[in-house]
Participant: 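First the structure, which I've put down as structure tokens, then a few questions once you've had a look.
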Amino acid sequence: MHPPESDMSALTYNDRARDWGRVLEDRERARSGLPLNQARERVAAKVGASPGTLENLRKGRLKKIAAHVYDRMRWLVIAELQAEVAAHEHEIQTLMAIGADPHSDAMEEAQTSLRQIKAVLTREARHA
């Protein structure tokens with residue numbers, strides 16, 4: 001649910017939505033190998049907005065974002081982060097199962113990434 005106006009400035013609200021839109025578009029592009037405009041179309045369909053809205057948001061030309069679009073983008077980013085948590089946890093379990101040194105670079109990188117993602121999810125939970 002989007003925060004009440006008194007809790008967040010319109011600028012902060014739009015900045016967060018812009019960041020989320022960029023994350024979603026970039027991840028879709030990396031996952032699918034599609035160019036940005038086609039990745040944007042996919043994300044727009046998931047978000048419930050037009051591709052033009054996401055483009056204008058990314059370029060800073062959008063003065064206001066609808067609450068339902070903001071909420072959906074937030075939810076999608078959280079879902080992406082949760083999937084990444086699961087992937088890192090699986091990687092750590094796999095490394096442990098094959099007997100990797102707990103202090104190896106691969107193990108430390110996976111654990112560091114996992115902590116960082118969990119920290120972001122915790123911050124998002126506080127903003128809910």
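What's counted below: heavy atoms across the whole structure, side chains too, no hydrogens, waters or symmetry copies.
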Participant: Regarding Arg74 and Asp71, does a basic nitrogen lie under 4.0 Å from an acidic carboxylate oxygen?
Facilitator: no
Participant: Would you kindly confirm whether Leu24 and Val120 end up in one hydrophobic cluster when ILVMFWY residues are joined by side chain heavy atoms under 4.5 Å apart?
Facilitator: yes
Participant: Quick one: list whatever passes side-chain hydrogen bond (donor to acceptor under 3.5 Å, both in side chains) with Lys64, sequence neighbours left out.
Facilitator: none
Participant: Do the side chains of Ile117 and Glu80 get nearer than 4.5 Å, heavy atoms only?
Facilitator: no
Participant: List the residues meeting side-chain contact (heavy atoms from CB on, under 4.5 Å) with Asp19, not counting sequence neighbours, and say none if there are none.
Facilitator: Arg22
Participant: Would the distance check show the side chain of Arg29 and the main-chain N or O of Ala39 forming a donor-acceptor pair, the cut-off being under 3.5 Å?
Facilitator: no
Participant: What pairs meet the ring pair (Phe, Tyr, Trp, His ring centres under 6.0 Å) rule with one or both residues in residues 18-47, with sequence neighbours excluded?
Facilitator: Trp20-Tyr70
Participant: Check whether any side-chain heavy atom of Leu81 lies under 4.5 Å from a side-chain heavy atom of Val85, and answer yes or no.
Facilitator: no
Participant: Checking Ala66 now: which residues fulfil side-chain contact (heavy atoms from CB on, under 4.5 Å) with it, not counting sequence neighbours?
Facilitator: His68, Val69
Participant: Side-chain heavy atoms under 4.5 angstrom apart, residues restricted to Ile, Leu, Val, Met, Phe, Trp, Tyr: same cluster for Leu34 and Val43?
Facilitator: no
Participant: Using the rule given for side chain to side chain contact (heavy atoms under 4.5 Å, CB included), can you reason through Asp15 versus Arg18, listing the C-alpha separation, both sets of side-chain angles and the distance that settles it, and then say yes or no?
Facilitator: CA-CA 5 Å; Asp15 285 346; Arg18 182 177 309 111; 2.7 Å; yes
Participant: Closer than 4.0 angstrom, basic N to acidic O: yes or no for Lys118 and Glu84?
Facilitator: no
Participant: Heavy-atom distance under 4.5 Å between the side chains of Thr112 and Glu109, does that happen here?
Facilitator: no
Participant: Show me the donor-acceptor pairs within less than 3.5 Å that the side chains of residues 86-103 make with the rest of the protein, sequence neighbours left out.
Facilitator:
| from | atom 1 | to | atom 2 | distance (Å) |
| --- | --- | --- | --- | --- |
| Thr94 | OG1 | His90 | O | 2.9 |
| Asp101 | OD1 | His103 | N | 3.0 |

Participant: Please step through salt bridge (charged side-chain N to carboxylate O under 4.0 Å, His left out) for the pair Asp26 and Arg58, ending with a clear verdict.
Facilitator: CA-CA 11 Å; Asp26 291 348; Arg58 186 177 185 115; 3.1 Å; yes
Participant: Evaluate the side-chain proximity of Met73 to Val23: yes if any heavy-atom separation is below 4.5 Å, no if none is.
Facilitator: no
Participant: I need the minimum non-hydrogen distance between Ala17 and Ile65, along with the two atoms involved.
Facilitator: CB-CG2, 4.1 Å
Participant: Tell me which pairs pass side chain to side chain donor-acceptor pair (under 3.5 Å) where either residue lies in residues 37-57, with sequence neighbours left out.
Facilitator: Glu25-Arg40, Glu28-Arg42, Glu28-Lys46, Ser50-Thr53, Glu55-Lys59, Asn56-Arg61
